[in-house]
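Just so we're on the same page: letters track the sequence lines, and every chain starts at 1.
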Amino acid sequence: MKVATYNVNGINGRLEVLLRWLEEASPDVLCLQELKAPQEKFPIKALEGAGYGAIWQGQKSWNGVAILARGQEPHLTRKGLPGEPEDEHSRYIEAIVDGIVIGGLYLPNGNPCPGPKFDYKLRWFKRLRDYAAELLELEVPVVLVGDYNVMPTELDVYKPERWTNDALFRVEVRDAFRHLVDQGWTDALRHLHPDERIYTFWDYFRNAYARDAGLRIDHFLLSPQVASRLAKAEVEKHVRGWDHSSDHAPVWIELHDEPMMPADE
DNA sequence: ATGCCCTCGCCTCGAGGA
């Protein structure tokens, strides 16, 4: 089973690229972020034509998240995180697909820092941690995946010293991510590639992709019940080089069908 | 220190992104 994430930076402006990649990669599940489209402008017909069922939470101009499933309808279990009812940003959507809870998220950027946007990012992170702890208590397969807008370590930034005071790399934000992972989650890409420089985002500015000046900000966090099934984790870097690409690349993990149990268990 | 490039809106510039 292949589970993927892709910050599309505008689903309608990106539709051709998205359909091309779906045809090429055929993920079983795909979480999308930054739809930048209101609910009624989500291109459901085109995605159904490509063989996918979908649930989504749109928003005019900004944010917006979706979950696609190949050959089936994702079973919606939640829209939005608990803890701040007045928060109207479309940043979290959750579904069950093939027995796995898929939480698709788009964490706030937080710049400029300091400021209200940074405060909102930290609050959102806290809400995510509180909710993630509840999910872990269920002891079921859970994948919390999407654009976290955090580079967890210096290995995840092309030039760490340039990013020290940025909301994506501030120590408070790295701490928040680490505390989340330390609840018992597995960072899938880093787990399988402990020493590699891996990026999932390259700025449109400064010829960043050609220079490989990237950031690793799109992450898969796996509950123990699904971490035991992790087989592969890869970034579709070449897609970032396509014409009219998003500034993020798609990222995916491959899961074994059955848990890999220790021999003596 | 800032803009760079790109997306969206309701409209040709501004806001936001990271």
Side-chain angles (χ1 to χ4, degrees), chain A residues 5-21 31-43 46 56-66 87-92 105-122 124-125 128 145-174 176-177 189 197-219 235 237 239-251:
Chain A
T5 185
Y6 190 18
N7 179 323
V8 288
N9 187 13
I11 180 105
N12 288 305
R14 202 71 57 214
L15 192 55
E16 204 172 310
V17 167
L18 174 60
L19 292 173
R20 178 181 171 190
W21 183 70
C31 295
L32 299 174
Q33 303 88 37
E34 281 209 87
L35 303 178
K36 292 188 171 178
Q39 190 71 7
E40 65 276 13
K41 293 274 182 66
F42 185 84
W56 66 98
Q57 188 186 21
Q59 183 179 332
K60 189 178 167 184
S61 303
W62 298 301
N63 309 320
V65 284
D87 180 8
E88 292 184 344
H89 290 203
S90 295
R91 295 184 176 277
Y92 186 84
L105 64 97
Y106 174 48
L107 215 131
N109 174 306
N111 278 307
C113 171
K117 291 185 175 179
F118 189 67
D119 298 340
Y120 172 61
K121 179 176 195 167
L122 293 180
W124 208 93
F125 231 131
L128 178 62
V145 53
D147 178 358
Y148 281 74
N149 270 317
V150 184
M151 297 84 88
T153 73
E154 298 204 340
L155 191 56
D156 304 309
V157 196
Y158 68 98
K159 191 169 276 194
E161 65 276 16
R162 286 272 177 89
W163 289 84
T164 322
N165 281 317
D166 189 279
L168 278 70
F169 200 53
R170 286 278 300 193
V171 67
E172 301 95 312
V173 174
R174 275 184 277 167
F177 185 82
L189 267 87
R197 290 211 162 265
I198 304 170
Y199 303 135
T200 64
F201 167 93
W202 295 262
D203 212 313
Y204 287 125
F205 302 168
R206 310 176 195 91
N207 205 21
Y209 181 65
R211 295 188 297 121
D212 199 26
L215 309 173
R216 188 174 76 98
I217 55 179
D218 299 274
H219 307 297
V235 179
K237 186 175 176 181
V239 175
R240 177 63 181 82
W242 289 354
D243 283 346
H244 309 297
S245 155
S246 168
D247 38 9
H248 294 248
V251 189

TODO: State whether the side chain of A:Thr200 and the backbone N or O of A:Asp218 hold a donor-acceptor pair below 3.5 Å, judged by distance alone.
DONE: yes
query: Taking the side chain as C-beta and beyond, is there a heavy-atom pair between A:Asn63 and A:Glu34 under 4.5 Å?
result: no
How far does the P atom of B:dA1 sit from the matching atom of B:dC11, given to the nearest Å?
-> 36 Å
- Classify the ring geometry between A:Phe125 and A:Phe177 as parallel (under 30°), tilted (30 to 60°) or perpendicular (over 60°). perpendicular
Notebook entry, point to check: With a 4.5 Å heavy-atom cut-off, do A:Asp156 and A:Arg197 have their side chains touching?
Noted result: no
**Prompt:** Short question: side chain of A:Arg216, backbone of A:Met151 - any donor-acceptor pair under 3.5 Å?
**Reply:** no
(request) Look at A:Asp212 together with A:Lys237 and state whether they make a salt bridge at an N to O cut-off of under 4.0 Å. (result) yes
Rounding to an integer number of angstrom, what distance separates B:dC13 and B:dT2 when you compare their P atoms? 24 Å
note: A:Lys41, atom NZ; B:dC10, atom C1'; distance rounded to Å ~ 11 Å
(Q) Within the supplied structure, the quantity of interest is the number of heavy atoms (other residues, nucleotides, ligands) at a distance under 6.0 Å from A:Glu16 CD; does it exceed 12? (A) no
Between CZ of A:Arg14 and C1' of B:dT7 the distance, given in whole Å, is 8 Å
Here the distance between atom C1' of B:dC4 and atom CG of A:Asn207, to the nearest Å, is 11 Å
Sticking with atom C1', work out how far B:dC6 lies from B:dT12, rounded to a whole angstrom.
16 Å
* Asked: With rounding to whole Å, what would you report as the distance between B:dC5 and B:dC10 at their P atoms?
  -> 25 Å
Note on DNA chain B: ranges paired as stems (three or more Watson-Crick/G-U pairs in a row, both atom distances under 3.5 Å) are B:5-9 with B:13-17
*asked:* Please give the distance between the P atoms of B:dG9 and B:dC4 as a whole number of Å.
replied: 22 Å
ask   = Is there a donor-acceptor pair closer than 3.5 Å between any side-chain N or O of A:Gln57 and the backbone N or O of A:His89?
value = no
Between protein and nucleotides 12-18 of chain B, what N or O pairs are separated by less than 3.5 Å?
from: B:dA18; atom 1: OP1; to: A:Glu34; atom 2: OE2; distance (Å): 2.7
from: B:dA18; atom 1: OP2; to: A:Tyr106; atom 2: OH; distance (Å): 3.0
from: B:dA18; atom 1: OP2; to: A:Asn109; atom 2: ND2; distance (Å): 3.4
from: B:dA18; atom 1: OP2; to: A:Asn149; atom 2: ND2; distance (Å): 3.2
from: B:dA18; atom 1: N9; to: A:Asn109; atom 2: ND2; distance (Å): 3.2
from: B:dA18; atom 1: N7; to: A:Asn109; atom 2: OD1; distance (Å): 3.3
from: B:dA18; atom 1: N7; to: A:Asn109; atom 2: ND2; distance (Å): 2.6

ask   = Do you see a donor-acceptor pair shorter than 3.5 Å between the side chains of A:Asn109 and A:Lys121?
value = no
